[in-house]
Amino acid sequence: MITVSYRIDYMKLIHSIKEVSVDQNDLATQLSDALKNNQMYLVYQPIFDCSEFIVGYEVLMRWTHPEKGEISPYQFIMAFDDSELISKLTEWFFDRLVSEMKQVGLLKVKKIFINLSFRQLEDPSLQTIIDNHQDSIDFNKVVFEITEKTLMNDISGAMKIMEDLTTKGISFALDDFGTGFTSMQYLKVLPLSYIKVDKGFVGEIDINHSDMTLVKASIEMSKAMGFSVIAEGVENKSQFVLLKSMGVDYVQGYLFDRPTMKDELS
Ligand code: G
Ligand code: G
Ligand code: MN
């Protein structure tokens, strides 16, 4: 059942990418315009502990295309990944994050969760970008979220980079846990601090017994291995109650807050 829904998602993805990449040259121009012309922006979604105190924010990119409107990050991150512009995107992201964090006092926040694609992680300029921002961001607060699919590209390469970044204070979360093809080996060898249980499982824990069992087992296993567990996509109270009873550490989802722009942050 899980495999089927993953395939459908994948097909949707391919379809939507085709829609954007009508013409490769045109696409490159559009991506570069997006960065130059202020078409991209950041939104923030809080992550709470079980007493509903904010422990951090996940930062998410958005792109409003002048003609096509909102383009999903699933689409544009993959387009950037395939282009030469990926380091420009990472650079833009950190510059923008620093300027917004200063404006809204986000610097006081305990943790900042940042999604990184495989291309962003393996790009050598990531190190330079981080070094250039050492004075403006406390990297002990930074958690990079990477997915199982990211890791599958090159597990030993990714591990080496992750270990290097750990020496700069950065920690790691395994995002979308349960949707990829995680080998238990990953959990044993990678320098991970957090496991984010995918919203696909969390979304039905209150109505689907299998999902409930899988989430419960994931939480128990992750905690036994010393990771903190974040449940994403919590949309109603009964899911939250169940997750708390299962011993989850942190929660995130529409029940608490949607991703919002910096000006709307409380
Ligand atoms: O925010 P939304 O649900 O539309 O995000 C869709 C996907 O895009 C998610 O998997 C999310 O992790 C990814 N995404 C959102 N913002 C970023 C970003 O800044 N960098 C990377 N690499 N992925 C992002
Ligand atoms: O793949 P990743 O976990 O990074 O995706 C994060 C995205 O999930 C956010 O950008 C946001 O758009 C979406 N999201 C956050 N909370 C919820 C929720 O409660 N329900 C659903 N369906 N999506 C959510
Ligand atoms: Mn994420």
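Read the numbers this way: they start at 1 and go in the same order the structure lists the ligands and their atoms. Keep in mind that the numbers below use all heavy atoms, side chains included, and drop hydrogens, waters and symmetry copies.
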Tell me whether [X] is salt-bridged to [Y], with the criterion being a basic N under 4.0 Å from an acidic carboxylate O.
| X | Y | value |
| --- | --- | --- |
| K168 | D131 | yes |
| K199 | D176 | no |
| K223 | E220 | no |

Please state which protein non-hydrogen atom is closest to [atom] and give its distance, to 0.1 Å?
| atom | answer |
| --- | --- |
| atom 1 (O) of ligand 2 | D176 OD1, 3.0 Å |
| atom 22 (N) of ligand 1 | Q120 OE1, 2.9 Å |
| atom 14 (N) of ligand 1 | P73 CB, 3.9 Å |
| atom 8 (O) of ligand 2 | K199 NZ, 3.1 Å |
| atom 12 (O) of ligand 2 | R62 NH2, 3.6 Å |
| atom 16 (N) of ligand 2 | Q45 NE2, 3.0 Å |
| atom 2 (P) of ligand 2 | D175 OD2, 3.5 Å |
| atom 11 (C) of ligand 2 | P259 CG, 4.0 Å |
| atom 10 (O) of ligand 1 | Y74 CE2, 3.5 Å |
| atom 3 (O) of ligand 2 | E232 OE1, 2.7 Å |
| atom 23 (N) of ligand 1 | N115 CB, 3.5 Å |
| atom 21 (C) of ligand 2 | E235 OE2, 3.2 Å |

Q) Looking at F240, does the NZ or CZ of K244 lie under 6.0 angstrom from its six-membered ring centre and within 45 degrees of the ring axis? A)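 Cation-pi check for K244 and F240: passes.
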
Q.
Tell me whether the NZ or CZ atom of K196 lies within the 45° cone about the ring axis of F113 and under 6.0 Å from its centre.
A.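 Pair K196/F113 counts as cation-pi.
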
Ligand-residue contact atoms, ligand 2 with [X], heavy atoms, under 4.0 Å:
| X | result |
| --- | --- |
| V234 | 19 (O) |
| E58 | 4 (O) |
| G253 | 16 (N), 19 (O) |

Q) At a non-hydrogen distance cut-off of under 4.0 Å, which region of L60 contacts ligand 1 (side chain, backbone, both, or neither)? A)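 Within the 4.0 Å criterion, L60 contacts ligand 1 through backbone and side-chain atoms alike.
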
Q. Which of the atoms in ligand 1, numbered in the order shown and given with their element, are less than 4.0 Å from a heavy-atom of L116?
A.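 Every atom of ligand 1 under 4.0 Å from some heavy atom of L116: 22 (N).
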
Q. With atoms numbered from 1 as shown, which atoms in ligand 1 lie under 4.0 angstrom from a non-hydrogen atom of F93?
A.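 Every atom of ligand 1 under 4.0 Å from some heavy atom of F93: 19 (O).
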
Q) Will you find, in the side chains of H65 and Q39, an N or O donor that is under 3.5 Å from an N or O acceptor? A)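 No.
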
Q) So which bit of M61 gets within less than 4.0 Å of ligand 2, heavy atoms only: side chain, backbone, both or neither? A)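 The answer is neither.
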
(Q) Determine whether a donor-acceptor pair (N or O, by modelled atom type, separation under 3.5 Å) exists between the side chain of Q120 and the backbone of S117. (A)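 At least one qualifying donor-acceptor pair exists.
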
Q.
By the definition side-chain contact (heavy atoms from CB on, under 4.5 Å), identify the one residue from D154, L151, L190 that meets it with M159.
A.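 Filter result, single survivor: L190.
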
**Q.** Test ring-ring contact (aromatic ring centres under 6.0 Å, His included) applied to F256 and Y250, F48, Y57, the passing residue
**A.**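 When Y250, F48, Y57 are each tested with F256, the ring-ring contact (aromatic ring centres under 6.0 Å, His included) holds only for F48.
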
Q: Taking all non-hydrogen atoms of both residues into account, name the closest pair between F172 and M162 and its distance.
A: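 Heavy atoms only, the tightest pair is CE1-O, 3.5 Å.
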
First locate atom [atom1] of [X], then atom [atom2] of [Y], and finally report the distance between them rounded to the nearest 0.5 Å.
| X | Y | atom1 | atom2 | value |
| --- | --- | --- | --- | --- |
| I137 | L97 | CD1 | CG | 5.0 Å |
| I195 | M221 | CD1 | CE | 6.5 Å |
| Y194 | D175 | OH | CG | 13.5 Å |

Q) By residue and atom, what protein N/O/S atoms are less than 2.8 Å from the Mn ion (ligand 3)? A)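 Result, waters dropped: E58 OE2, N115 OD1, E145 OE1, D175 OD2.
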
Q: Verify the cluster assignment for V55 and Y44: are they in a single hydrophobic cluster under the rule of side-chain heavy atoms below 4.5 Å apart?
A: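 Result: no, two separate clusters.
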
Q | ILVMFWY cluster, F76 and L116 together (side-chain gap under 4.5 Å) | A |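 F76 clusters together with L116.
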
Q) Hey, what's the ring geometry for F94 with H133, parallel, tilted or perpendicular (30° and 60° as the breaks)? A)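 The rings of F94 and H133 sit tilted, inter-plane angle from 30° to 60°.
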
Q.
Checking contacts now, so for atom 5 (O) of ligand 1, which I'm interested in, is there any protein heavy atom under 4.0 Å?
A.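 Yes.
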
